[in-house]
Structure formats: structure tokens, C-alpha cells
Amino acid sequence: MGRSVLVTGGNRGIGLSVAQAFRDAGDNVAITYRGGEAPEGFLAVKCDVTEPETVEAAFAEIEEKQGPVEVLIANAGITRDTLLLRMSEEDWSSVIETNLTGAFRVSKRAAKGMLRLRRGRIVFVSSVVGLFGGAGQVNYAASKSGMVGMARSIARELGSRGITANVVAPGFVETALTDELSDELKKQYLAQIPLGRYTSTEEVARVIRWVASDEAAYITGAVIPVDGGLGMGH
Ligand SMILES: NC(=O)c1ccc[n+]([C@@H]2O[C@H](COP(=O)([O-])OP(=O)(O)OC[C@H]3O[C@@H](n4cnc5c(N)ncnc54)[C@H](OP(=O)(O)O)[C@@H]3O)[C@@H](O)[C@H]2O)c1
């Protein structure tokens, strides 16, 4: 019997690879999408994590169609990069609202069902930037390090109910975004990564699937880097 899994922002990028990894392992996977075409093969529910009512509607639909969410991957995220003095209130609040408050919202809602089940796995998709910092990424770094405090507090609150909460912190992932970087910038970034290469969405997805597996049942409150050594274990 597969578990009921939800991946927010599972329609593309890392989220889609995560959704595929769980599905390939035999789980029942729901993904959220905000518009356009949703990928086939998943229970696709419309949801914007900044809108509490769409979050509630998405969970109600998932509960009805595939049962309460046992595994939540809080993956939906955005960037609005710019230097501190140029960062507007809107640049700040939209990133915090999506990345941090959105993750709070979905984990709170998922925890309801997990408490009843007396088991659950919550994985927050953070970033090496959350612990390392990033010039031009004050908003993004704050949102991603905020996930660490959130996961650790949830781990303490819900551990006795068989619920784990962990953070996976990817480094540079090969996406359309990194493809567009100039060769010079790519060289600079790669020079800082001990493994000398970017990671793939699939490589990140396998770690996330593992953190949510029975094999990782005794891991909670942890930050697991998938960054080729860029953050040296942090
Ligand atoms: N790419 C990297 O190098 C990297 C490195 C470290 C960490 N990460 C983190 O990994 C996660 C996924 O990144 P990615 O590279 O796969 O990004 P991506 O390709 O830009 O995908 C982002 C996903 O989040 C969804 N999303 C954004 N805002 C949302 C909202 N308000 N409500 C619901 N869904 C929303 C998007 O949905 P739409 O399709 O509707 O826009 C999309 O599915 C993010 O949290 C990111 O910070 C990425």
C-alpha cells in the first residue's frame, strides 16, 4: 500500500522530480499547481500557498481522493533577488509569505491528519543559502533559514506522535535557471564546490525520498545538505 504524499510546487523543477521519485517507489502522490497544465500521473490540486482558502481546499480534495497526507514535501518557493538597499517591502514580504509562511501553512494543515494517524513525515526544501547567506538574497536566505527553526520546533512538538520534521538543503541544482548563467559565473561557482559539479533535480529528489522513508525513521530536526560539499555539512 502506497502512502499519501503531497508535494507543493510539484508541477515542475525539483518538485516534479520529487513527485516522480515517490510515485516510482509506489506511493500515491498529489502535487499542487497554480495554473497552466499539470503533469500527468499525479493527483493535481490547484493551490497557491499564499492563499489559506486554496490550501484548505487542496487538503480537503487530497483527503477525499487519496487519504490524509502522511508525507508532506514543502517545496514551493520563489526568489526575488536584489541587493539589500534596493530590496522593497514587496520583494521581502512576497518571498517570506511564499517560502516561509506558505511552508508553515501547509505543515500546520498536514499535521492535523498526521496527529490522527500518529505518524508522518514533513520535509522542508530549504537551500544552502539559508545557512551560508547569499549576496542579493537577504529575503530568500531569511526564508530558508527560517525553515530550520520551524522544522526543529515541529520535531520537538510532534516527535512523540511518530512525526518527523527535517530540512533538505540543496546547493546549485541544474535547472533552466543555472543553464542561463554565463560560463564565467558557472566557473566561479563550480570552483567553490568540492565535487566540482552541480546536482540534478533527480539527485535531490532521491535524498528527499530517503528522508521520508522508514530507513530514516530516527532522523528528525536535521538539516541534510545536498550541495556537493559547498556548505561543508551545514
Ligand atoms: N534550483 C535550485 O538551484 C535550488 C537550490 C536550492 C533550493 N531550491 C529550492 O527548491 C524549491 C524548488 O525550486 P526549483 O528550482 O524547482 O524552482 P522552480 O522550478 O521555480 O519551481 C518552483 C515551484 O514552486 C511553485 N510555487 C511558487 N510559488 C508558489 C505559490 N505561491 N503557491 C504554490 N506554489 C508555488 C511553482 O509553481 P508555478 O509553476 O505555479 O510557478 C513551482 O512549482 C524551492 O523552494 C527553491 O527555493 C532550489
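We're numbering straight along the sequence, starting at 1. Indexing begins at 1, ligand by ligand and atom by atom, following the structure's order.
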Engineer: Can you name the atoms of ligand 1, numbered from 1 with element, that are less than 4.0 Å from a heavy atom of G171?
Structural biologist: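 The atoms of ligand 1 under 4.0 Å from a heavy atom of G171 are 3 (O), 5 (C), 6 (C).
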Engineer: Could you list which atoms of ligand 1 come closer than 4.0 Å to a heavy atom of K144?
Structural biologist: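 The atoms of ligand 1 under 4.0 Å from a heavy atom of K144 are 44 (C), 45 (O), 46 (C), 47 (O).
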Engineer: For the 3.5 Å polar cut-off, considering only N or O atoms, please tell me whether I14 and ligand 1 meet it.
Structural biologist: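 It does: an N or O of I14 is found under 3.5 Å from an N or O of ligand 1.
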Engineer: Between E203 and T199, does any side-chain donor sit less than 3.5 Å from a side-chain acceptor?
Structural biologist: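 Distance-only check passes for E203 and T199.
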Engineer: So, T220 versus T164: side-chain donor-acceptor pair below 3.5 Å or not?
Structural biologist: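 No - no donor-acceptor pair under 3.5 Å links their side chains.
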Engineer: Pull out every atom of ligand 1 sitting under 4.0 Å from any heavy atom of V173, numbered as shown with elements.
Structural biologist: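 Those atoms are 1 (N), 2 (C), 3 (O), 4 (C), 5 (C).
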Engineer: Tell me yes or no: between the side chains of Q66 and N28, is some donor less than 3.5 Å from an acceptor?
Structural biologist: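 There is no such pair (donor and acceptor under 3.5 Å, judged by atom type) between the side chains of Q66 and N28.
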Engineer: Have a look at ligand 1 and work out which part of S126, if any, has a heavy atom under 4.0 Å from it: side chain, backbone, both or neither.
Structural biologist: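 The answer is the backbone.
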Engineer: Using a 4.0 Å cutoff against the non-hydrogen atoms of N75, which atoms of ligand 1 qualify?
Structural biologist: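 Near N75, meaning under 4.0 Å from one of its heavy atoms, ligand 1 has 10 (O), 11 (C), 12 (C), 44 (C), 45 (O).
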Engineer: Can you confirm, on distance only, whether ligand 1 has an N/O atom lying under 3.5 Å from any N/O atom belonging to V49?
Structural biologist: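 Checking ligand 1 against V49, an N or O pair does fall under 3.5 Å apart.
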Engineer: Can you list the ligand 1 atoms lying under 4.0 Å from a non-hydrogen atom of S127?
Structural biologist: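 The list of qualifying atoms is 6 (C), 7 (C).
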Engineer: Taking distance alone, with N or O pairs closer than 3.5 Å, would you say N11 contacts ligand 1?
Structural biologist: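 There is such a contact, yes.
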Engineer: So, is D48 polar-close to ligand 1, with some N/O to N/O distance under 3.5 Å?
Structural biologist: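 N/O-N/O distance below 3.5 Å exists for this pair.
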Engineer: Quick check on E53: does its CD atom have over 12 non-hydrogen neighbours (other residues, nucleotides or ligands) under 6.0 Å away?
Structural biologist: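 More than 12 heavy atoms, drawn from other residues, nucleotides or ligands, come within 6.0 Å of this atom.
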Engineer: Could you check R121 against E70 for salt bridge (Lys or Arg N to Asp or Glu O under 4.0 Å), going step by step and ending with a plain yes or no?
Structural biologist: CA-CA 6 Å; R121 295 274 190 276; E70 295 173 62; over 6 Å; no
Engineer: Suppose I only count heavy atoms of G13 and a 4.0 Å limit; which atoms of ligand 1 are within that range?
Structural biologist: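 Selected atoms, number and element: 16 (O), 19 (O).
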Engineer: What atoms in ligand 1 come closer than 4.0 Å to a heavy atom of Y140?
Structural biologist: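 Reading through ligand 1 atom by atom, the close ones are 7 (C), 8 (N), 9 (C), 46 (C), 47 (O).
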Engineer: Applying a 4.0 Å heavy-atom criterion (strictly less than), which segment of I78 is in contact with ligand 1: side chain, backbone, both, or neither?
Structural biologist: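 It is the side chain that touches ligand 1; the backbone stays farther off.
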Engineer: Using the salt bridge (charged side-chain N to carboxylate O under 4.0 Å, His left out) criterion, which residues pair with D27? Sequence neighbours excluded.
Structural biologist: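 Here the qualifying residues are R3.
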Engineer: For A141 and G133, work out which heavy atoms get closest and say how close.
Structural biologist: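 The answer is CB-CA, 4.5 Å.
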